[in-house]
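Start at 1 and go down the list; that is how both ligands and their atoms are numbered. Quick note: numbers below take in every heavy atom, side chains included, and nothing from hydrogens, waters or symmetry partners.
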Amino acid sequence: MHVKLLDHRLQLKHTFRISGSPDRDFVDVGILRLEDSGITAFGEASPSRVCRETMEDVHKGFAQIDLNKYASPLDYETVINGIKTEFDPPNALLAAIDMALLDFAGKNAKKSVRSLLGISSDRPVRTSFTIGIADLETIEKKVEEAGRFPILKVKLGSADDMEIVTRIRSLTDKLIRVDANQGWHKEEAVEKINWLESQNVEFVEQPLPAQQIEENAWVRQRVKLPVIADESVKTGADIPGLAFAFDGINIKLMKCGGLLEAMKMIRIARENNLRVMIGCMVESSLAISAGAQLLPLLDYADLDGFELISNDPFTGLSLNDGVISVNGKIGLGVKPQNAIFQ
Ligand code: MG
């Protein structure tokens with residue numbers, strides 16, 4: 001088995017700003033390329049700030065892993081569990097390995113990863129388009145740019161929250177989802193969420209800082225819109241402890257470490273009567289294609305990461321009326337378009 005981790009800088013079409021993070025013009029990711037028995041498979045690591053991971057951590061973790069000590073890449077559960085018990089790898093690296101192994105197994109069996117995971121439905125789930133925090137003029141441009149998406153995900157958590165939503169509402173009546181990215185305190189959250197209810201808003205994501213679970217339960221008792229946990233939840237182990245305080249969870253492959261853990265999270269969330277959403281980091285079509293494999297099992301999707309970049313190294317996703325489809329039906333279903341990854 002030959003495995004390489006290649007660096008790639010994803011260039012953002014526009015400077016991206018969210019509550020509590022510095023502005024960004026690019027995102028560095030790692031493309032994991034696995035080759036064995038004439039099959040080439042891929043996975044992607046886009047380290048998340050929520051997990052406090054960087055590409056440097058991903059490279060350090062990668063240097064500690066010897067995939068060749070496992071009998072076959074086809075035994076993906078054994079490999080992933082083996083790596084997890086051996087050391088505590090960055091979740092973004094684990095996600096890249098999980099994706100590459102499932103892509104490999106799918107290509108070997110000539111099946112999609114969706115079908116390998118036992119998902120037989122292809123129920124469409126529409127994804128939203130993210131509008132980061134910006135001045136009102138830029139927000140107008142972004143609303144225009146979101147033309148192909150029927151749902152907007154609006155980042156709030158600044159002093160201008162009401163002005164931003166009011167401006168967007170003067171431009172479009174599309175459904176809005178709000179993500180406060182931990183930017184509010186609890187009284188402010190109640191006041192803003194109750195106002196947002198009158199603005200055709202579907203739900204609010206992570207109003208309070210990640211650790212404030214009790215406070216979130218307090219907010220939830222005072223509002224009607226569903227409140228979804230994002231930064232408060234990373235893996236399945238976090239779910240039972242926050243189920244009383246939220247209406248749903250946002251799964252991200254880069255937080256949880258890949259599709260196998262994501263499947264487990266969906267099961268635990270349903271056992272706890274929680275709604276389930278899939279989100280993403282800024283990622284290429286490769287990692288988005290992995291998240292898209294889970295779509296039929298989910299209530300909400302926010303998989304627009306590949307639409308925010310201008311130099312996607314992979315191709316194979318299409319978008320119709322906000323529904324992302326993976327064109328290829330084998331493995332993850334996308335192909336590299338950069339020669340270095342082929
Ligand atoms: Mg979020």
*Can you check whether Val27 reaches Leu308 side chain to side chain, under 4.5 Å on heavy atoms?*
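Result no, sub-4.5 Å side-chain heavy-atom pair not found.
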*Considering only heavy atoms from C-beta outward, does the side chain of Glu35 approach that of Met1 to under 4.5 Å?*
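In short, these two side chains do not touch, never coming nearer than 4.5 Å.
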*Determine which of the N, O or S atoms in Asp230 is closest to the Mg ion (ligand 1) and give its atom name.*
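When I compare the N, O and S atoms of Asp230, OD2 is nearest to the Mg ion (ligand 1).
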*Please find the N/O/S atom of Asp179 nearest to the Mg ion (ligand 1) and write down its name.*
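Within Asp179, restricted to N, O or S, the Mg ion (ligand 1) is closest to atom OD2.
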*Give a yes/no answer: is there an N/O/S atom of Glu205 under 2.8 Å from the Mg ion (ligand 1)?*
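An N, O or S atom of Glu205 is closer than 2.8 Å to the Mg ion (ligand 1), so yes.
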*May I ask you to check whether Asp302 brings an N, O or S atom to under 2.8 Å from the Mg ion (ligand 1)?*
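Looking at Asp302, which is the residue asked about, there is no N, O or S atom under 2.8 Å from the Mg ion (ligand 1).
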*Just checking, any donor-acceptor pair under 3.5 angstrom between side chains of Trp184 and Asp161?*
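Yes, side-chain donor-acceptor contact under 3.5 Å.
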*Ring-ring centroid check Phe42 Phe314, cutoff 6.0 Å*: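 Yes, ring centres under 6.0 Å apart.
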